[in-house]
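Just so you know, ligand 1 is whichever comes first in the structure, and atom 1 is the first atom listed for that ligand.
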Amino acid sequence: MGVTTGFEKIVREDEPLAMHTWFQLGGPAEYFAEPRNTDELIALVKRCYEEEVLVRLLGRGSNILVRDEGVPGMVIHLSEPVFREIKVEGTSITAGGGAQLGRVVTTAVHTGLAGLEELVAIPGTLGGALHGNAGTAGSDIGQWVSRATVITYTGEVLQRYREDLLFAYGQSSLDELVVLDAQLRLEEDDPKELAKRLQKHWIVRKASQPMGHQCAGWVFADPRGMRAGELIEEAGLKGTLIGGAVVSDRNANFIIAEPECTSQDVLRLIDQVRSQVKERLGVALELELEIW
Ligand SMILES: Cc1cc2nc3c(=O)[nH]c(=O)nc-3n(C[C@H](O)[C@H](O)[C@H](O)COP(=O)(O)OP(=O)(O)OC[C@H]3O[C@@H](n4cnc5c(N)ncnc54)[C@H](O)[C@@H]3O)c2cc1C
């Protein structure tokens, strides 16, 4: 039995991934699946495991650069509404792994639940945010998690609770294949005050990152006590261009993909930035962006 047998309705072959990522670059996935419900998702994960097919989970693709040659194996996308639901109960919000983080944040604010406002401008899904503990200097998503449902690479469904979860800067122990849903326990506050705070964070963030219509990626992790963007700027690398990839003028930790840019251009620019920051400032930058 092949990996797609019985899944013909939800699996496409050679699906271009560029349009599914923030950079809008890169080649196709060998197999690309959009399961219609949780049972189908679990059955597909089990099949991939049995057939020894490499499987990956794609959120909004805001932390991924897909190589020009594409990716082997199965890429699963939680696009169906059943994976994107957001429910409020008392001071908790439970949302699907495919829910947009921004919608989770605004739902919290509108219902008078505080904690997530600073995360308002982070693109992507709740699942992607939990996988990498997305955050800002002041707050991260991990600190609010009380429970999560995950699916392992073998297709087992598990509940994970606050006490056995660890979150650090850019890191999370929620590292199973799929974060199916998660519950965030928040704090009550005045919705009007929260809406003001949300707006403030939104304005500050929007001013410090590339414009919305640009294809861009957030590239390096901040080294301890330092900002990657400031280091890149200090090394004189703002505006550096390789092919169609350029270091952003607004915030040097973003690389912008101009029309005609390839993933290879971005990879070469990443190497150049890394080696020049090391040479000029003695700091070794680590990638935050995942390369597929
Ligand atoms: C303009 C811009 C601004 C950004 N600002 C910030 C910022 O301030 N702070 C910050 O932390 N990050 C920031 N990022 C990076 C990025 O937005 C975050 O890492 C985001 O949380 C990724 O979510 P995603 O859904 O796009 O995940 P993807 O990029 O699709 O995937 C990232 C990783 O998460 C995994 N994943 C995705 N969904 C799931 C799931 N349901 N279950 C299990 N694993 C999953 C993927 O397999 C992959 O390993 C920024 C990026 C951009 C382009």
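The backbone N or O of Pro191 lies less than 3.5 Å from no partner atom in the side chain of Glu193, so there is not a single donor-acceptor pair.
Here the closest non-hydrogen pair linking Ala182 and Leu126 is CB-CD2, 4.2 Å. Scanning all heavy atoms of the two residues, the minimum distance from Leu119 to Gly135 falls at CD2-CA, 3.8 Å. Nearest heavy atoms, Gly90 versus Leu113: O-CD1, 3.9 Å. Between Asp265 and Glu260, the shortest heavy-atom contact is OD2-O, 4.1 Å.
Within the structure, side chain to side chain donor-acceptor pair (under 3.5 Å) contacts touching residues 56-79 (residues at least two apart or in different chains) are Glu34-His77, Glu34-Ser79, Asp68-Ser263.
Ligand 1 is surrounded by Trp22, Leu57, Leu58, Gly59, Arg60, Gly61, Ser62, Asn63, Ile64, Leu78, Gly97, Ile122, Pro123, Gly124, Thr125, Gly127, Gly128, Ala129, His131, Ala134, Gly135, Leu177, Val178, Val179, Arg205, Gln209, Ala216, Trp218, Phe254, Glu290, Trp292, each with at least one heavy atom closer than 4.0 Å.
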